[in-house]
Amino acid sequence: MSTTPSGSGDRLVQVGAVVFFIGALATLVTVAPLFLGTDPFPSVAYAVCMLMGVGFLIAGAGVVRSAWKSSPKRAATR
């Protein structure tokens with residue numbers, strides 16, 4: 001069990017990871033018909049795959065926010 005307090009961007013990283021994995025799962029499901037020889041999914045299914053990139057951006061924003069809040073310059077002004 002960790003006793004480290006949560007940083008300002010930790011929640012964004014967690015949400016970004018969940019969104020990323022939903023997008024990754026959607027990508028696997030969308031690509032499966034290509035290998036199985038069945039009819040492809042509609043275009044909306046391909047749009048859900050974009051969640052992978054959105055999740056990556058959300059997690060990246062969380063990392064940047066954590067780094068910004070814990071920078072030595074900002075810590076000195078507190």
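For clarity, every value in this text was computed on a predicted model and none was experimentally measured. Each residue takes its place number in the sequence, starting with 1.
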Using links of under 4.5 Å between side-chain heavy atoms of ILVMFWY residues, direct or through other members, which residues join L28 in one cluster? none
Looking only at heavy atoms, what is the nearest atom pair of L51 and I22, with distance? CD1-CG2, 4.0 Å
dist F20:CZ -> T27:OG1 (nearest 0.5 Å) comes out at 8.5 Å
Atom pairs and distances, side-chain donor-acceptor, residues 34-49, under 3.5 Å, sequence neighbours left out:
none

Treat each ILVMFWY residue as a node, draw an edge where side-chain heavy atoms are under 4.5 Å apart, and state whether L25 and F21 are in one component. no
Path from V13 to I58 over hydrophobic side-chain contacts below 4.5 Å: no
